[in-house]
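Have a look at the structure below before the remarks.
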Amino acid sequence: MRSYLLGGRTPGVRNSPQDAFGQFVPYCRQRLRDDPHLEATVLLKEVTDLGYRGGYSTLTRALRRHRLRPVCTQCRCAGPNQETDTTSTAGDELRFTWLKLLDPPPLWGVGSHAHVLIGALPSGLWRASLAENEDLAQVIEAVDLVLRRLGRTGRYWWFDSVPAVNCRTSGKVKPELVQVARHYGVDLGTNSLRPATPSPPAPDPLRPIEDFWWRTVRPDTRLHVAQESLDHFAAWLDSRHSAAGSSERPGDVVGGGHDARTHGPGPLPPPFPATIRVARTVAPHDLVSFRGNYYAVPPGLVGARVDVSWRLDEPHLSISTTGGAVIARHAVAPRGAGRIVVGPGHTITLEHPQGRRQSDRTPCNGRTRLPPSPEALVHARAFR
């Protein structure tokens, strides 16, 4: 009553409480701009040392009110306005299936089984890529090739019968594949994210590949020729489905183009930086075979075992001894071109500096230590 009588307060108007956090907003904004994954408990300790007397809940409420924590663009899979309702993703999921075919041509050098990764959309559109073995790096490369043949990434990925992707003990997706999905800006589907409304039945690509295409592969067919025939076979099936009226189904694409009615994130990112490593024996004339081409090594190594390594986002490959010493480095020739690559690649090259330069493009894992930047320290000195 004394405040009203003395004119200190106006009837019907509440006094807003004094915001004790306001003076710490510049420091917190700069600190979270430098490290979007900084935990609120760490930030609470830092601002407490600067004179903040509030609690943890008050701090987190103020962070939300002032919108101080930015979005990490490197690890965010969904767009800022993307809905997470699983009932609307029936045309956005891409299902990968690992197919093993018996008795491949001996020229392929893949053993007793040929490996095919198939990516299929709910509409029935699919593309496939041949892989050399079941290693995770080979699967990642096959995923990238399938995406580029489809011209899209989808919004959710599902993996069926892919041994390199699922852990044998837990059955869950390996953490490395989570980084791959973040690189392409998609989510990995789980049983809890299955669409509530089942998608309409679509043609199964496994039977056409096994019963029709695989029977047409001759024993002397080279790997890149078989891949081209598989692409032509998939395009031929697209034309048949289009003639039958199946192109009106959501998500169908003919000839690998985009469909504006489905999720299209724009141009595909560069390949995920996975490293392909295969063992080879130096052939006569000091040549090493890799992906249908031959790469020269220093003389005197005929019959020796070497390792060929190639990062999918690099234009060069390295040939090293089994002990790890790099003996040659060459530009990667087109797959199946039948070229003999020689030249200045015989020099011994250390790959560590280049590996450090490429490390900046690896996806964010949210666990990198980022101490206060010089800009944040300037704000901190203002309190001291």
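Worth saying up front: this structure is predicted, and the values here are computed from it rather than measured.
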Checking W214 against V116 for the side-chain contact (heavy atoms from CB on, under 4.5 Å) test, could you report, in this order, the C-alpha distance in whole Å, the side-chain angles of both residues, the deciding distance, and whether it holds?
CA-CA 11 Å; W214 187 240; V116 184; over 6 Å; no
Look at the aromatic rings of H66 and F21 and report parallel, tilted or perpendicular, splitting at 30° and 60°.
tilted
Look at the rings of F24 and Y52 and say which category their plane angle falls in: under 30° parallel, 30 to 60° tilted, over 60° perpendicular.
perpendicular
Distance check, rounded to the nearest 0.5 Å: [X] atom [atom1] versus [Y] atom [atom2]?
X	Y	atom1	atom2	value
L68	L63	CG	CG	5.5 Å
E39	L44	CD	CG	12.0 Å
L59	R64	CG	CZ	9.5 Å
D187	E93	CG	CD	12.5 Å
L188	L177	CG	CG	5.5 Å
L136	E141	CG	CD	12.0 Å

Can you name the closest pair of heavy atoms from [X] and [Y] and give their distance?
X	Y	result
S129	L145	OG-CD1, 3.4 Å
N293	G338	OD1-N, 3.1 Å
T60	A40	CG2-CB, 3.9 Å
R305	T322	O-CG2, 3.5 Å
L130	A226	CD1-CB, 4.0 Å
V146	R127	CG1-O, 3.8 Å

Answer yes or no: are there more than 12 heavy-atom neighbours, outside R280 itself, under 6.0 Å from its atom CZ?
yes
Y294 atom OH: more than 12 heavy-atom contacts under 6.0 Å:
no
Are the side chain of D135 and the backbone N or O of A137 linked by a donor-acceptor pair below 3.5 Å?
no
I'd like to know if the side chain of H379 reaches the main chain of C28, judged simply by a donor and an acceptor atom lying under 3.5 Å from each other, with no hydrogens or angles considered.
no
Would a hydrophobic clustering, with Ile, Leu, Val, Met, Phe, Trp and Tyr connected at side-chain separations under 4.5 Å, put [X] with [Y]?
X	Y	value
W98	L102	no
V378	L43	no
Y56	L38	yes
W236	L230	yes
L312	V178	yes

Between S318 and R329, does the side-chain hydrogen bond (donor to acceptor under 3.5 Å, both in side chains) criterion hold? Intermediate values first, please.
CA-CA 4 Å; S318 300; R329 184 172 174 84; 2.9 Å; yes
Going by salt bridge (Lys or Arg N to Asp or Glu O under 4.0 Å), name the pairs with one or both residues in residues 100-121, residues two or more places apart or in two chains.
K100-E134
Is there side-chain contact between [X] and [Y], with at least one heavy-atom pair below 4.5 Å?
X	Y	result
F272	Q179	yes
W213	L101	yes
L94	T153	no
R381	L377	yes
V217	W108	yes
V341	F290	no
S229	T216	no
P372	D34	no

Under the side chain to side chain contact (heavy atoms under 4.5 Å, CB included) test, which residues partner R218, sequence neighbours left out?
D220, T221
Give the intermediate values and the outcome of side-chain contact (heavy atoms from CB on, under 4.5 Å) for residues V332 and R291.
CA-CA 10 Å; V332 180; R291 301 291 176 85; over 6 Å; no
Quick one: list whatever passes side-chain hydrogen bond (donor to acceptor under 3.5 Å, both in side chains) with [X], sequence neighbours left out.
X	result
E375	S373
Y295	none
D307	none
R335	none

Evaluate the side-chain contact (heavy atoms from CB on, under 4.5 Å) criterion for residues V180 and E176: first the C-alpha distance (whole Å), next the side-chain angles of each, then the deciding distance (0.1 Å), finally the verdict.
CA-CA 7 Å; V180 178; E176 296 84 354; 5.7 Å; no
Going through the distances and angles, do V297 and V306 end up as a side-chain contact (heavy atoms from CB on, under 4.5 Å)?
CA-CA 10 Å; V297 294; V306 295; 5.7 Å; no
